[in-house]
There are 2 protein chains.
Amino acid sequence: MTIGRPREFDTDQALEAAMRQFWSKGYEATSLQNLLEVMEVSKSSFYETFGSKHELLEQCLTLYANTLIASLREELRQAKTGLSFIDKVLMSLIDEATAKSEKCGCLLVNTTNELAQRDKIIAKLVANGTKSLQGVFEEAVRRGQKEGNIPLNKTPEALSNYLVNSMVGLKTMVKGGADARTIKDICEITMTALK
Amino acid sequence: MTIGRPREFDTDQALEAAMRQFWSKGYEATSLQNLLEVMEVSKSSFYETFGSKHELLEQCLTLYANTLIASLREELRQAKTGLSFIDKVLMSLIDEATAKSEKCGCLLVNTTNELAQRDKIIAKLVANGTKSLQGVFEEAVRRGQKEGNIPLNKTPEALSNYLVNSMVGLKTMVKGGADARTIKDICEITMTALK
DNA sequence: AGCATTTTGGACCGCTCAGTACATATCTAT
DNA sequence: ATAGATATGTACTGAGCGGTCCAAAATGCT
């Protein structure tokens with residue numbers, strides 16, 4: 001069907017590998033050489049397919065945000081209550097703190113810290129991602145309020161922003177080496193604000 | 001008194017300039033050339049005085065943490081209550097969000113995100129800094145509890161970790177471009193956990 | 001078979017990177 | 001004046017950076 005020489009690599013797979021690399025090492029610390037290796041793509045194919053290192057990052061951020069949001073939406077859909085969803089998401093950070101695998105944090109948080117101030121395009125992308133994340137929490141809060149588990153004296157907007165903020169903090173704390181006990185304490189106190 | 005040719009630059013001043021540069025741009029994105037310019041030091045003098053780019057970062061992190069902690073301790077000392085100190089520190093983020101100057105975030109947070117996972121020496125330094133910050137909050141919480149403004153049903157350790165976490169989140173949110181209203185909402189809800 | 005189309009391999013680009021070597025300049029102490 | 005000590009200016013290193021160019025290879029279509 002398609003004309004011309006066929007690709008010798010999987011585009012989606014390569015993009016995901018690139019995403020993991022940026023996630024783990026950050027943008028500046030990831031060299032083109034690193035990318036070519038993990039993506040299993042030649043330099044020519046790289047520039048042909050992804051444009052540049054910067055454009056690749058844009059694609060990775062979009063992929064990351066879409067994947068994250070889709071996964072959370074699905075989890076929220078399956079959750080018993082809006083409140084239990086929020087609790088579960090927060091408490092999952094405890095496992096992350098315990099795991100001995102590399103702690104990469106959150107690509108959106110990492111990229112915000114590394115690039116948001118000096119790269120408008122990237123700033124916009126991570127802001128969009130964060131906004132989507134807040135949207136999921138807002139939906140969860142609304143549901144929780146409807147279900148009667150979350151008081152109505154705070155707006156879903158404010159509460160969801162508060163939750164995003166906690167998540168951002170927690171991801172960084174875990175990355176910085178905070179122990180599981182500390183993370184648990186933080187999660188529990190964070191949850192008391194929705195009581 | 002001192003023997004040999006005198007320095008043509010101010011060591012403390014140069015170190016502070018370097019700190020600001022790392023604070024603004026991050027470690028990888030700050031080149032040696034950048035540093036030499038803002039520090040107003042020749043390359044020879046740089047290596048003679050500060051050892052290497054990495055060692056310079058170590059010194060900058062120490063300076064940053066010491067300065068921050070000293071400033072907060074002083075503010076706590078002058079505060080009317082432990083609770084009002086905490087409130088003031090959190091709410092100061094609103095001004096940061098409003099300011100149109102460059103939003104550098106917190107050097108400890110930035111460096112944790114950029115380097116903590118792959119640089120043990122730096123990880124230790126930022127962990128120490130964070131620990132000191134938590135210590136100040138812990139002291140404030142203890143004082144607040146003694147003064148009767150903060151309930152005793154949560155430990156000072158847990159509450160102070162919670163506050164550090166909020167600060168870490170807020171610094172990143174501001175850097176990511178969150179508006180003042182969002183920050184204010186987050187601060188207010190954060191404070192309800194100590195009611 | 002031959003041609004259009006696309007991908008790939010590899011050489012190459014100028015530039016910047018962090019760091020070094022060493023001669024020279026500037027000071028104090030004698 | 002000179003010797004010892006410290007600081008600086010300059011030239012240099014090898015390696016790596018992101019990115020480009022183009023010929024060769026591999027496909028489908030006629």
Side-chain angles (χ1 to χ4, degrees), chain A residues 1-61 111 114-115 118-122 125, chain B residues 1-61 111 114-115 118-122 125:
Chain A
M1 260 310 168
T2 54
I3 221 161
R5 180 172 172 173
R7 287 232 170 93
E8 293 181 4
F9 67 95
D10 184 318
T11 310
D12 295 344
Q13 201 169 296
L15 192 61
E16 204 187 308
M19 185 191 78
R20 280 197 302 267
Q21 193 70 5
F22 283 137
W23 194 356
S24 164
K25 310 285 179 204
Y27 182 71
E28 304 279 358
T30 297
S31 73
L32 203 59
Q33 209 52 43
N34 292 152
L35 290 168
L36 301 184
E37 285 162 18
V38 301
M39 295 171 79
E40 296 184 284
V41 171
S42 74
K43 194 174 263 197
S44 315
S45 304
F46 176 91
Y47 280 100
E48 176 66 27
T49 310
F50 302 101
S52 68
K53 189 186 173 188
H54 191 274
E55 288 171 68
L56 176 65
L57 177 65
E58 297 176 38
Q59 297 169 50
C60 288
L61 287 172
T111 308
E114 186 180 357
L115 299 172
R118 57 196 163 91
D119 189 323
K120 291 294 180 305
I121 296 172
I122 300 301
L125 275 173
Chain B
M1 259 309 171
T2 54
I3 221 162
R5 181 172 170 175
R7 289 233 169 91
E8 292 181 4
F9 66 95
D10 185 317
T11 310
D12 295 344
Q13 202 169 296
L15 191 61
E16 205 187 309
M19 185 191 78
R20 280 195 302 266
Q21 193 71 5
F22 283 137
W23 194 356
S24 164
K25 309 286 178 205
Y27 181 71
E28 303 280 357
T30 297
S31 73
L32 202 59
Q33 209 51 43
N34 292 153
L35 289 168
L36 300 184
E37 284 162 18
V38 301
M39 295 171 78
E40 298 183 283
V41 171
S42 75
K43 194 175 263 199
S44 314
S45 303
F46 176 90
Y47 281 99
E48 176 67 27
T49 309
F50 301 101
S52 68
K53 190 187 173 187
H54 191 274
E55 288 171 69
L56 176 65
L57 176 64
E58 297 176 39
Q59 296 169 52
C60 288
L61 287 172
T111 308
E114 186 179 358
L115 299 172
R118 56 195 164 93
D119 189 324
K120 291 294 179 313
I121 295 172
I122 300 301
L125 276 172

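Sequence lines set the chain letters: A, B, ... in the order given, protein chains first and strands last, and positions in each chain run from 1. Quick caveat, the model's predicted, so the values are computed rather than measured.
Of the listed nucleotides (D/dT8, C/dT7, C/dT5), D/dT8 has the atom at the smallest distance from the side chain of B/Ser45. Closest contact between the side chain of A/Ser42 and the listed nucleotides C/dG9, C/dA18, D/dC17 involves C/dG9. Here C/dG19 is the nucleotide among C/dG19, D/dT20, C/dG9 with the atom lying nearest to any side-chain atom of B/Lys53. Picking from C/dT7, C/dC27, D/dG18 the nucleotide with the shortest atom distance to the side chain of B/Pro6 gives C/dC27. The side chain of A/Ser44 has C/dT8 as its nearest neighbour among D/dC29, C/dT8, C/dT20.
The residue A/Phe9 sits close only to the backbone: its heavy atoms come under 4.0 Å of sugar-phosphate atoms, none of a base.
What separates OH of A/Tyr47 from P of C/dC12 is a distance of 18 Å, to the nearest Å. What separates CG of A/Leu36 from P of D/dC17 is a distance of 10 Å, to the nearest Å. Taking atom CD on B/Glu40 and atom P on D/dT8, their separation rounds to 13 Å, with Å as the unit. Look at CZ on B/Phe46: it is 15 Å from P on D/dG9, rounded to the nearest Å. Between A/Leu56 atom CG and D/dG19 atom P the separation is 10 Å, expressed in whole Å. Atom C1' of nucleotide D/dC17 and atom CG of A/Leu35 are separated by 12 Å, given to the nearest angstrom. Atom CZ of B/Phe50 is separated from atom P of D/dA7 by 11 Å (rounded to the nearest Å). Note: CD (B/Glu48) to C1' (C/dT20) measures 13 Å, nearest angstrom.
A donor-acceptor contact shorter than 3.5 Å links the side chain of B/Glu114 to the backbone of B/Glu28.
Residue-to-nucleotide proximity on DNA chain C shows that, of B/His54 and A/Thr49, the 5′-proximal contact is made by A/Thr49. Both B/Arg5 and B/Gln33 lie close to DNA chain C; mapped to their nearest nucleotides by heavy-atom distance, the more 5′-ward contact belongs to B/Gln33.
Side chains of B/Asp10 and B/Leu15 form no contact here, defined as non-hydrogen atoms less than 4.5 Å apart. You'll find the side chain of A/Leu61 stays beyond 4.5 Å of the side chain of A/Phe22, heavy atoms only.
Regarding contacts with the backbone of D/dG16, every side-chain N or O of A/Ser31 stays at 4.0 angstrom or more from both OP1 and OP2. For A/Arg7, a side-chain nitrogen or oxygen approaches OP1 or OP2 of C/dT7 to under 4.0 Å.
For A/Ser52 against D/dG19, no side-chain N or O and base N or O form a donor-acceptor pair under 3.5 Å. For A/Lys43 against D/dG19, a side-chain N or O and a base N or O form a donor-acceptor pair under 3.5 Å.
Counting heavy atoms of neighbouring residues, nucleotides and ligands inside a 6.0 Å radius, atom CD of A/Glu40 does not exceed 12 of them.
Remark: B/Glu48 does not engage B/Arg5 in a salt bridge, criterion side-chain N to carboxylate O under 4.0 Å.
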